[in-house]
Amino acid sequence: MRSGKIGNSLYWIAAMLGLVLDQASKYLVVQYLKEVKSIPLIDGVFHLTYATNTGAAFSLFSGQIDWLKWISMIVSLGLIAFGIFAKNLTRWEQVGYGCILAGAAGNGIDRFVAGYVVDFIDIRIIRFAIFNIADVSINVGLACLVIAVVFMSKQTKPKH
C-alpha cells in the first residue's frame, strides 16, 4: 500500500456495502416478516416473503448446512486473501469479486449463526426461487466479472 492508498478499494467497498445491506435486510425480515410470512408489494408479481433455506441456491443440497457453512467460510476467507494480495485488478474485477465476497459471507454468517439462510425476495410473476441480497450480490459480482473479461479481451486483442 503505497502513498497512503488502500489497495483494491472498490473491492472492499463492494464487499462491505453488500454485506451490510444483506445482513440489515435479513434482520428486518426476521423482525417484521417472520410472523406475517408474506407482504405483497405488487400483488401476484413481487412479494416480500419470509423463507428459510438449509441448502444452497434453489435449495440444492437442502438439509446439508453442516458442510455448506464450511464451504461459505473457505470461499469467504479465500476471497479476503485474494482482496489483500491481488494486484492490478480492474474496477470491474474489484467490484465483481467484492460482491461475490459479500454474498458468500452474508449467507455464510446465516449458516453459522442460525443454521439456515434467510430468503425474502419473492418474484412470483416468473415463479422463481425466493432469494436474498447475498444471492443478488453474487450474481451482480458474476456479471461484473463477465464484463471485465469482455472488456479485457477487447483491449488485449492485437490491432491489424
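No close placement of the Tyr97 and Trp92 rings is indicated, their centers lying 6.0 Å or farther apart.
Ile39 has its side chain out of reach of His47: every pair of non-hydrogen atoms, C-beta onward, lies at least 4.5 Å apart. The shortest side-chain heavy-atom distance between Phe128 and Ile121 does not fall under the 4.5 Å cut-off. Looking at Val117 and Lys26, their side chains come closer than 4.5 Å, going by heavy atoms from C-beta outward. Looking only at side-chain heavy atoms (C-beta outward), Leu101 and Tyr11 come within less than 4.5 Å of each other. Side-chain atoms of Tyr50 and Tyr32, non-hydrogen and from C-beta on, never get closer than 4.5 Å to each other.
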Problem set entry | Stepwise side-chain contact (heavy atoms from CB on, under 4.5 Å) check, Asn107 with Asn53 | CA-CA 10 Å; Asn107 283 341; Asn53 181 357; over 6 Å; no
Problem set entry | Residues Thr52, Asp119; criterion side-chain contact (heavy atoms from CB on, under 4.5 Å); working and verdict | CA-CA 6 Å; Thr52 59; Asp119 291 326; over 6 Å; no
Exercise. After noting the C-alpha distance and the side-chain angles of Val118 and Asn132, does the key distance pass the side-chain contact (heavy atoms from CB on, under 4.5 Å) rule?
Worked result: CA-CA 7 Å; Val118 173; Asn132 59 42; 5.9 Å; no
For this session: Dump the intermediate steps for side-chain contact (heavy atoms from CB on, under 4.5 Å) on Tyr116 and Asp110, then the final yes or no.
Result: CA-CA 6 Å; Tyr116 52 82; Asp110 284 9; over 6 Å; no
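The aromatic rings of Trp70 and Phe112 sit perpendicular to each other, their planes meeting at more than 60°, with 30° as the lower class boundary.
No single ILVMFWY cluster, assembled from side-chain heavy atoms under 4.5 Å apart, contains both Leu10 and Ile100. The cluster map of Ile, Leu, Val, Met, Phe, Trp and Tyr, joined by side-chain heavy atoms under 4.5 Å apart, puts Met16 and Phe82 in different clusters. The hydrophobic clustering, which links ILVMFWY residues whose side-chain heavy atoms are closer than 4.5 Å, places Ile109 and Leu21 apart. Both Leu89 and Ile84 belong to a common hydrophobic cluster when Ile, Leu, Val, Met, Phe, Trp and Tyr are linked at side-chain heavy-atom distances under 4.5 angstrom. One hydrophobic cluster, built from ILVMFWY side chains closer than 4.5 Å, cannot hold both Tyr27 and Leu33; they sit in different ones.
The two atoms that bring Ala104 and Val75 nearest to each other are CB-CG1, 3.9 Å, heavy atoms only. Closest approach of Cys144 to Val95, counting heavy atoms only: SG-CG1, 3.9 Å. Listed here is the closest heavy atom pair of Leu145 and Glu93: CD2-CA, 3.9 Å. The two atoms that bring Thr90 and Ala148 nearest to each other are OG1-CB, 4.1 Å, heavy atoms only. Smallest separation of non-hydrogen atoms from Ser72 and Gly108: CB-CA, 3.5 Å.
Between atom NZ of residue Lys37 and atom CG of residue Leu48 there is a gap of 14.5 Å, rounded to the nearest 0.5 Å. Rounding to the nearest 0.5 angstrom, the gap separating the CG atom in Leu19 from the CG atom in Asp22 is 6.5 Å. With rounding to the nearest 0.5 Å, the separation of CZ in Phe46 from CD1 in Ile125 is 12.5 Å.
The main-chain N or O of Ala86 is found under 3.5 Å from a side-chain atom of Asn8 such that the two form a donor-acceptor pair. Ser137 places a side-chain N or O within donor-acceptor distance of the main-chain N or O of Cys99, the cut-off being under 3.5 Å. Distance alone, capped at 3.5 Å, is enough to place a donor-acceptor pair between the Gln23 side chain and the Gly106 backbone.
When each of Val45, Ile42, Thr49, Ile130 is checked for a side chain to side chain contact (heavy atoms under 4.5 Å, CB included) with Arg124, only Thr49 meets the rule.
Counting heavy atoms of neighbouring residues, nucleotides and ligands inside a 6.0 Å radius, atom CD of Glu35 does not exceed 12 of them.
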